[in-house]
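This report refers to the structure that appears directly beneath it.
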Amino acid sequence: MRRLSLLCIVLLLLLTGCSVSEPCRRELMAMDTFMTLSVYAQSPAAGEALLEEAAGEIRRLEGLLSVTDPGSEIYQANHGGAVSLSEPVRELLEKALELCRETGGALDVTVYPAVRAWGFTTGEYRVPEEAELSALVERVGYGRVALDGDRLALPEGVELDLGSVGKGWTGDRLTALFREAGVSSAIMELGGNVQALGTKPDGSPWRVAVQAPGGGYAGVLEIVDKAVVTSGGYQRYFEQDGETYIHIIDPATGRPARTGLASVTIVADSGLQGDGLSTALFVMGREKAEAFWRGNPDFDFILLGEDGTAAITEGLEECFSLYGGWEGRPLEIIRK
Ligand code: ADP
Ligand code: MG
């Protein structure tokens, strides 16, 4: 009997891959990216059940936000329908519009027609003509999205895409789910977004690597209860006639943002804020990003320049260090 129960325990560990001291882990492809969830739970069974619930929530949110699935609320709104938004989508859209306003439109959830024109939605890349771009920019403007309670009807030609904030918001929802279940230690990697709940089980901070634009790592961050979100020109791009075109679009021009930045990493309490601001500050470029931060200092950031320079805001002085090939380079501290 004892041998049988021992065998059961070993089998359970092999099957779930987790124990009280090891995290329960789940890997999945969703929202166009590779995700890993690691949760330290009371028991393997509790951990597995939570991961199952989390994976279900990711799929549900993916279905609600998809721009290509005819069943999604966003798709229906984009195709001329007046839609009653479900609570999570209404809440996300409201918060995303607030970020668009705060960033003066550097983040714009209606930039989709321009993103599509460059082929970033299908992978069939092309460089649009100037006339095509100026016509498309006419259709871009988050201010034209009117949300009346949960009712959303978009003006002719306006299309919504919450892709720039979807993963950050998903991180926030998973964090809430885990916290409500009594978890005090979890780490989620949702593509370029990392979100940490609490500390590691031994009480030490989580260590999160910051990618170097050319591959490998540029730095390491030590964080507790934070979201770390990176937007980089090297993540999705194409080359034509010696020019590089990246997937982050300046809503003012309809063209890929070129501000001399290789990447922007935001460290914030919320994944949604981190995600929206990483895109927005990339579009702004260094000078405007600094000015924005001085006016809204409830987050920190790391800028890696195309020229190989690195700068961080003062809140990260104690918890960030350059790493690998970047170790030993000057690290500028941006102060208020
Ligand atoms: P990723 O989702 O690739 O990690 P981001 O969070 O920076 O990167 O979001 C970029 C995506 O958001 C693009 O693929 C595009 O669909 C959309 N997008 C591009 N530029 C903007 C912008 N200025 N504002 C809002 N969304 C944008
Ligand atoms: Mg983003």
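Each ligand, and each atom within it, is numbered from 1 in the order the structure gives. Note that the coordinates shown come from a computational prediction; the quantities given were computed from them, not determined experimentally.
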- [ ] Establish whether L160 and L61 are linked, either directly or via other cluster members, by ILVMFWY side-chain heavy-atom contacts under 4.5 Å.
- [x] yes

Task: Check: S184 and L197 side chains under 4.5 Å, non-hydrogen atoms - done: no

Open item on the list: Does atom CG (D69) have a neighbourhood of more than 12 heavy atoms from anything else shown, all under 6.0 Å?
Closed with: yes

Task: Side-chain donor or acceptor of Q235 paired with backbone N/O of G232 under 3.5 Å - done: yes

Open item on the list: Would you call the rings of F238 and Y125 parallel, tilted or perpendicular, taking 30° and 60° as the class edges?
Closed with: parallel

Put together the list of close N/O pairs, under 3.5 Å, between ligand 1 and the protein, could you?
unit_1   : atom_1 : unit_2 : atom_2 : d
ligand 1 : 2 (O)  : K167   : NZ     : 3.4
ligand 1 : 3 (O)  : H247   : NE2    : 3.0
ligand 1 : 4 (O)  : K167   : NZ     : 3.1
ligand 1 : 6 (O)  : S164   : O      : 3.4
ligand 1 : 6 (O)  : D275   : OD1    : 3.1
ligand 1 : 6 (O)  : T279   : OG1    : 3.3
ligand 1 : 7 (O)  : S231   : OG     : 2.7
ligand 1 : 7 (O)  : T279   : OG1    : 2.8
ligand 1 : 14 (O) : R236   : NH2    : 3.1
ligand 1 : 16 (O) : D161   : OD2    : 3.2
ligand 1 : 20 (N) : I249   : N      : 3.0
ligand 1 : 23 (N) : A106   : O      : 3.0
ligand 1 : 23 (N) : I249   : O      : 2.8
ligand 1 : 24 (N) : D108   : N      : 3.0
ligand 1 : 24 (N) : D108   : O      : 3.3
ligand 1 : 26 (N) : S164   : OG     : 3.4

TODO: Decide whether T230 and Q211 meet the rule of one side-chain donor and one side-chain acceptor closer than 3.5 Å.
DONE: no

Task: the Mg ion (ligand 2) contact by T279, N, O or S atom under 2.8 Å - done: yes

